[in-house]
Amino acid sequence: MGVYELSGAGSVKTGRTLYTSMNANNQFGAMVPIQSFTLANSTTSDVTFSNIPQIYQDLMIVGFARRTDAAASGVIFITPYYSGIPASPQSTTVLDGNGSSVSSYRYTSQDGAFISSVPAASSTAGIFGSITWHCLNYANTSTFKTSIARTAADTNGSGTTRLAVNLTRGTGAITTVSCSTFSGSAFLTQGSTFTLYGIRAANS
Amino acid sequence: MTIAMQPIYTQTVGSGGASTLSFNNIPQTFTDLKVVVSARQANSGTALEVYVDYNLNSASIYGTTWLTGTGSGVASGRLASAGGVVQTFTTGSTATANTFGSFELYLPNYTSSNTKQSIIDAVTENNGTTVEMKLTATSFASSSPITVIRFSPAGGSFVQHSTFSLYGITKG
Amino acid sequence: MSMVWIATMSGGGGLKTFTNIPQTFTHLQIRMNNRDLYASTPSYTYMRFNGDTGDTANNHWLRGDGASATSEANQINLNYVITVPQPGNNALAGVRNATIIDILDYTNTTKNKVAKAISGYDLNGSGFVGLYSGQWRNTAAITSIGLGSAYQEDAATFRADLYGITSSQVTGA
């Protein structure tokens, strides 16, 4: 198939091919697992995907997480960064439903990305939050990076459902993503898992 | 190179409609499950609920938290200790003709012995203001791995051409 | 395998189009990262199927702006299926939105075509995140998808990737 540009809003002019036929017969598929963590204990507050290959178009993380601190819920910061990133480069816009009301709020100029919230130790045992997170165009060296995440954290009588977007204000390619409680005293619960996938596109 | 996402099952509703639809004997070899649904129901309504249960288990061990947009307002609600997942929607017979609702259910760690927590995003569409747009979180407090997923329409039956596709995602 | 990259488009100008979309998949996904040269924020990216400029579409959204949440019917009887906000040229430099659009059963000739999207951008002080939907009231198979703004996407950074998703022949019933 071909990709054409139609120049002139609302009209069709002479088409000009931008790309020739694509590799629709790619045998490997677009979604490729890169790395996975499953916590064997509850003694770490952070898992980090490092040295992320720069050969994909987008990144995706699937998380299944719970925190150990004595609260009903807590944030899981899924934070993209690279060496030399500017200070406090993260900002997040959140859309939340908590079972009784809808809210939207924002964090600005943070070190971590406030993009997800999962159950913590005061909630019913054995309930973890589920997270799907996407960072598009992560290896681009001329743009800031936008990531978007869905989180489900129902605890059968409480909990939240969330959609959030995060901006990382740095033009460097993302080489590291941290999944963290951002706390020295709140850990990720044993059994928490995080898996990083690459999404392939042309020339990747 | 590991192929992360693979199709497992697909069902398309035939001319007689379907009062329920189940994926049975789900392989236990993947990490996560993903279901995408394009469906419409026979009963009257622009948007009708779809109930989801796992392992044919209708015990009161499901919780749902949702966030809704209706095209004119927003709301959040909850149902605890229910016999299935609620607040997933497809179109009904009084939605725009030939329009089917669309939803995706993502279920990480479906073989885990922990409570299963699914993410569901659903939209219905209609040539009018009123729709149901849902961001839903659901918990299923069972230690059993998921081997069956069943979808049941609130509106009588799923109509012909409704499709349900199940995928397995592996972490490698 | 089930998710396969089909094509990428980029570059500035008005509406850009994926054409001759293979009819061999079951569903489509578009992953988009873009910004407009129009000097107003938000600007909007529009999507159109098969070049249809008639009033054959409608769309809705549920979104938060960092202060409140709203849900609206954008308009009724439109000629674009989905519209998602994006940064304009007056927004914080370097910011692009992130959008993932799913279109199920795009070759099915008995169904109108419905698109579902999650989309958002943040400007460290403003922004949107939301769930978006739209339908094209036409049962024809989708063979082309047009994307762009009414003005002009940032030539240096507009990017949309099209993926095809297959389904199984096994029912599991």
Side-chain angles (χ1 to χ4, degrees), chain B residues 3-12 21-27 34 36-40 67-76 91 95-104 121-135 148-149 160-168, chain C residues 1-4 25-27 29 55-64 68-78 81-82 100-106 108-118 129-139 163 165-173:
Chain B
I3 298 171
M5 188 165 92
Q6 299 186 50
I8 305 174
Y9 300 135
T10 298
Q11 294 189 39
T12 302
L21 186 139
S22 297
F23 292 120
N24 303 308
N25 301 310
I26 295 172
K34 174 176 171 176
V36 295
V37 175
S38 170
R40 184 179 175 100
L67 190 168
T68 296
T70 64
S72 59
V74 299
S76 182
T91 51
T96 307
N98 303 318
T99 294
F100 288 60
S102 175
F103 71 84
E104 174 181 312
D121 297 343
V123 300
T124 64
E125 261 298 334
N126 188 37
N127 189 21
T129 299
T130 304
V131 293
E132 289 284 344
M133 310 183 74
K134 296 285 190 186
L135 298 169
V148 181
I149 303 176
Q160 184 181 19
H161 306 302
S162 296
T163 60
F164 297 74
S165 302
L166 175 68
Y167 299 87
Chain C
M1 98 307 289
S2 63
M3 182 173 168
V4 176
F25 300 100
T26 308
H27 312 305
Q29 183 176 95
D55 289 337
T56 55
N58 41 259
N59 57 69
H60 301 79
W61 68 61
L62 160 63
R63 72 185 189 194
S68 63
T70 57
S71 179
E72 297 179 34
N74 189 14
Q75 288 181 40
I76 314 303
N77 292 325
L78 302 173
V81 178
I82 272 204
I100 300 174
I101 304 170
D102 288 294
I103 306 162
L104 304 186
D105 292 339
Y106 73 101
N108 189 301
T109 56
T110 63
K111 295 179 171 180
N112 291 339
K113 303 304 176 287
V114 172
K116 172 174 68 68
I118 57 171
V129 64
L131 175 67
Y132 298 82
S133 70
Q135 71 161 337
W136 180 44
R137 297 189 308 278
N138 191 313
T139 59
Y163 295 86
I165 298 166
T166 58
S167 58
S168 173
Q169 300 301 308
V170 182
T171 67

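Proximity of a side-chain donor or acceptor of B:T99 to a complementary backbone N or O of C:N112 within less than 3.5 Å is not detected. Side-chain atoms of C:H60 do not come within 3.5 Å of backbone N or O of B:S72 as any donor-acceptor pair. Checked by atom type and distance alone, the side chain of C:S2 pairs as donor or acceptor with a backbone atom of B:M5 at under 3.5 Å. For the pair C:K111 (side chain) and B:H161 (backbone), a donor-acceptor distance under 3.5 Å is present.
For C:I118, the part lying under 4.5 angstrom from a heavy atom of chain B is the side chain only. Interface residue C:T139: only side-chain heavy atoms are found under 4.5 Å from chain B. In this structure, chain C has a heavy atom under 4.5 Å from the backbone of B:T68, while its side chain stays farther away. The parts of C:L131 that come within reach of chain B are both its backbone and its side chain, each placing non-hydrogen atoms under 4.5 angstrom from that chain. Contacts of B:S162 with chain C are made by backbone atoms alone, with heavy-atom separations under 4.5 Å and no side-chain atom involved. Neither the backbone nor the side chain of B:L21 comes within contact range of chain C; no heavy atom of the residue lies under 4.5 Å from a heavy atom of that chain.
Residues C:Q135 and B:N126 come closest through the heavy atom pair NE2-C, 3.6 Å. Here the shortest heavy-atom pairing between B:V37 and C:L104 reads O-CD1, 3.2 Å. Closest of all the heavy-atom pairs between B:E125 and C:S133 is OE2-OG, 2.6 Å. Nearest heavy atom pair, residue C:A73 against residue B:G128, reads CB-O, 4.4 Å. When all heavy atoms of C:H27 and B:Y167 are compared, the pair lying nearest together is CD2-OH, 3.4 Å.
In terms of heavy-atom pairs under 4.5 angstrom with chain C, the leader among B:S22, B:S165, B:G71 is B:G71. Ranked by non-hydrogen atom pairs under 4.5 Å with chain C, the options B:F100, B:F164, B:F23 are led by B:F100. Of the residues considered (B:V74, B:D121, B:T124, B:N25), B:V74 shows the highest number of contacts with chain C, using heavy-atom pairs under 4.5 Å.
Under the 4.5 Å side-chain criterion, counting only non-hydrogen atoms from C-beta, C:L62 is in contact with B:L135. Contact of the B:V36 side chain with the C:D102 side chain is not registered, since no non-hydrogen atoms from C-beta on lie closer than 4.5 Å. At a threshold of 4.5 Å between non-hydrogen side-chain atoms, the residues C:S168 and B:I8 do not count as touching.
In this structure, the separation between CG on B:N24 and OG1 on C:T171 is 8.5 Å, given to the nearest 0.5 Å. Rounding to the nearest 0.5 Å places CD1 of C:I165 at 5.5 Å from NZ of B:K34. With rounding to the nearest 0.5 Å, the separation of OG in B:S38 from NZ in C:K113 is 9.0 Å.
In this structure, B:A97 has no side-chain contact (heavy atoms from CB on, under 4.5 Å) partners at least two apart in sequence or on a different chain.
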